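Throughout, a chain's letter reflects where its sequence line sits, starting with A, and its residues are numbered from 1. Since we're looking at a predicted model, the values are computed, not measured.
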There are 2 protein chains.
Amino acid sequence: MNTPHNPTQNRLLAELELAEFHRLSPHLELVDLARGDVLYQADGKMMYVYFPTTATISVDFVLEDGGTSEIARIGNEGLLGVSLFMGGLSSSGRAVVQMAGYAYRLRAARLMEEFYHKGPLLRLRLRYTHTRLTEISQLALCNSHHSTRQRLCRCLLQMLDRSSSDEIAVTQESIAAMLGVRREGVTDAAGWLQNLGIIKWRRGHVIVLSRAGLDAHVCECYATVCHATSRLLPDLPTVPRAGTHAWRPAVGLPVPVLYRPGAQAKPLWVRGI
Amino acid sequence: MNTPHNPTQNRLLAELELAEFHRLSPHLELVDLARGDVLYQADGKMMYVYFPTTATISVDFVLEDGGTSEIARIGNEGLLGVSLFMGGLSSSGRAVVQMAGYAYRLRAARLMEEFYHKGPLLRLRLRYTHTRLTEISQLALCNSHHSTRQRLCRCLLQMLDRSSSDEIAVTQESIAAMLGVRREGVTDAAGWLQNLGIIKWRRGHVIVLSRAGLDAHVCECYATVCHATSRLLPDLPTVPRAGTHAWRPAVGLPVPVLYRPGAQAKPLWVRGI
DNA sequence: CGTTATCTGTGCGTCCTCGCACAGAGGATC
DNA sequence: GATCCTCTGTGCGAGGACGCACAGATAACG
């Protein structure tokens, strides 16, 4: 079983202490996720917790009229199923595979056992939940204050961070669902970014020509969320990623006080070479 | 010390098992909160966890440009300081007393000790956190899809639920900050509700003339959040409240599928006579 | 290779929200 | 009672997002 796959490709699992990791790993099951796979239905039972390695997963909330918004996007830095160890058995949202890839999963029942070991896993889960709370809060703020263009930049950057190249496989339609806006609105914002030479969009594929261009137009929420994540996983060995531009704060803005306390401008999201 | 105050006026504390409650109660300190008191600063240290009894507390997130949105509103059904037992010591948002009243507080250090008893308190905290996650997610959705008018209705209903009368002490200015819109926008929406004879707004005081009117115009997010709360505190003795109209679903809408599964229309938020 | 389905781009009118400016209206204070 | 400050109401132009309709373009598929 000498596959190139390893649970530690998920950064949360990688954070576990050895003893705990070894207790857990026999129960981790590698799964191959295809784009569009639905892992949780809204209000459906959650059978597994998922730790993505190369896949990314979207959690959406849906309104009665069909309107949607993406509430969380989970890559190898996170975990799907926080509700499970919060004592809820059913998911509040719908979880859909957004980028095909692999994940490890753990049976809910097994997790519940682990739950009462109150070891480092518990601590890590709680810290992760805290991060998620912060992210979602920032999202709520972002939704009510920032334009479609800014939010598109944020969305693209967040997808880029989880992509292994400068290309993202996504349609404007699905971006629209994530942002909770019309498809035409995304087309408009995309056209604007294309005229600026920042991206190129071609039938289900975005090519990011200038990451710096996205950085320059994104709202502060991107940096805030990056910051929350880097606090969660502070001293982790860097994971090789394609993005070569370190994040830098937008120029001309007042010194951010609230969400980057003390810290000088430095890459918020640890990236490889 | 025979005050009319009792920790069990907070519904989360009331849910505790007796043994646990007795272990905790000597450490609970009653505090008198005035409107506007700042309990947490954004990114500030959290010294206490607060369990409101008659007070309500707003958690706001603030943008660099000063824009704000209310992320959570905490009354006697909840607790301020989830981040504390998530392993974070600093608050992500700013917590301000929104309605004056009382709360019990617990030193953070004491909470951390309690934390490792992994008793029912832990379970309850986790369940509460789950509820908060759901609420904030719904808020993010609401912010990106619903009009100021709908959101004003939601906001008023949520305040009314925590009020002891049909009158709410609040200015349009502060509502605007909570909703993340302009003050004039609130004036406009308020004027609309006043013309409909649903409310009356007079210099820092709203009088709700027709709760049913608010119910009729509020978006589904109110019901969703009520539902999440009633799941958290399902079989609790009702707390006397002034609202006399039971919640009922808006007429003419398609049968809600996602967030009120199975259940028939019934009061989502338990109210007393 | 031709058809088909999907994805992207565009135009136009409407509505909502914003930003600004300013006027009236209560309370509070002295 | 006169003055001040805060709160509420209004008007208007600008910009953004929506809803709808439709055209071109490109990948997929038989």
Side-chain angles (χ1 to χ4, degrees), chain A residues 34-36 63 65-69 98 141-156 167-208 217 219, chain B residues 35-36 63 65-69 98 141-156 159 167-208 217 219:
Chain A
R35 185 173 167 189
L63 290 170
D65 67 2
T68 63
S69 278
Q98 204 246 304
L141 191 58
C142 190
N143 283 347
S144 70
H145 286 88
H146 296 140
S147 67
T148 300
R149 289 180 176 183
Q150 289 175 298
R151 286 158 63 203
L152 174 62
C153 289
R154 174 175 58 71
C155 192
L156 289 178
E167 194 170 325
I168 308 166
V170 72
T171 67
Q172 297 184 352
E173 187 88 42
S174 56
I175 293 272
M178 293 177 205
L179 297 182
V181 298
R182 290 179 319 148
R183 196 267 312 161
E184 296 92 322
V186 175
T187 302
D188 178 78
W192 170 70
L193 282 174
Q194 283 187 104
N195 288 339
L196 291 174
I198 294 174
I199 65 168
K200 193 148 178 47
W201 211 310
R202 285 193 349 219
R203 227 190 142 66
H205 292 267
V206 194
I207 299 157
V208 177
H217 293 101
C219 53
Chain B
R35 184 172 168 191
L63 290 169
D65 67 3
T68 63
S69 279
Q98 204 244 305
L141 191 57
C142 190
N143 283 347
S144 70
H145 286 88
H146 296 141
S147 67
T148 301
R149 290 181 177 184
Q150 288 175 299
R151 285 157 64 204
L152 174 62
C153 289
R154 174 175 56 74
C155 193
L156 289 178
M159 297 179 91
E167 193 171 326
I168 308 167
V170 72
T171 66
Q172 297 184 353
E173 186 87 43
S174 55
I175 294 272
M178 292 176 205
L179 298 182
V181 299
R182 289 178 322 144
R183 195 267 314 163
E184 295 93 322
V186 175
T187 301
D188 178 78
W192 169 71
L193 282 174
Q194 282 187 104
N195 288 338
L196 292 174
I198 294 173
I199 64 169
K200 192 149 178 48
W201 211 309
R202 284 193 349 219
R203 230 190 138 66
H205 293 267
V206 194
I207 299 157
V208 177
H217 293 101
C219 54

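Among the atoms of the strands shown, only primed sugar atoms or phosphate atoms (P, OP1, OP2) are found under 4.0 Å from some heavy atom of Thr171(B). Contact annotation for Gly204(B): backbone-only contact, meaning every heavy-atom pair under 4.0 Å involves sugar-phosphate atoms and none involves a base. Across all strands shown, Gln194(A) has heavy atoms under 4.0 Å from sugar-phosphate atoms exclusively, and none from any base.
The side chain of Ser147(A) lies closest to dA17(D) when the candidates are dT8(D), dA25(D), dA17(D).
Scanning DNA chain C 5' to 3' for nucleotides with an atom closer than 4.0 angstrom to a non-hydrogen atom of chain B gives a first and last hit of dT17(C) to dG27(C).
Taking 3.5 Å as the limit, the base of dC18(D) and the side chain of Glu184(A) contain no donor-acceptor pair of atoms between them. The base of dT8(D) is not paired with the side chain of Arg202(B) by any donor and acceptor separated by under 3.5 Å.
Contact detail for Thr171(B) and Arg35(B): the closest heavy-atom pair is N-NH2, 4.0 Å. When all heavy atoms are compared, the tightest approach of Thr68(B) to Ala177(B) is OG1-O, 2.8 Å. Between Gly180(A) and Ser69(A), the shortest heavy-atom contact is CA-OG, 3.9 Å.
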Which atom pairs, one a donor and one an acceptor, fall under 3.5 Å between side chains of residues 191-199 of chain A and the rest of the protein, sequence neighbours left out?
unit_1	atom_1	unit_2	atom_2	d
Gln194(A)	OE1	Trp201(A)	N	3.0
Asn195(A)	ND2	Gly191(A)	O	3.4

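When the side-chain nitrogen and oxygen atoms of Thr148(A) are compared with OP1 and OP2 of dA17(D), one or more of them lie within a distance under 4.0 Å.
Contact check for Asn143(A) versus His145(B): no side-chain heavy atoms found under the 4.5 Å cut-off.
Taking for each of Trp201(A) and Ser144(A) the nucleotide of DNA chain C with the nearest heavy atom, the 5'-most of the two is the partner of Trp201(A).
For the pair Arg182(B) CZ and dA14(D) P, the computed distance is 15 Å after rounding to whole Å.
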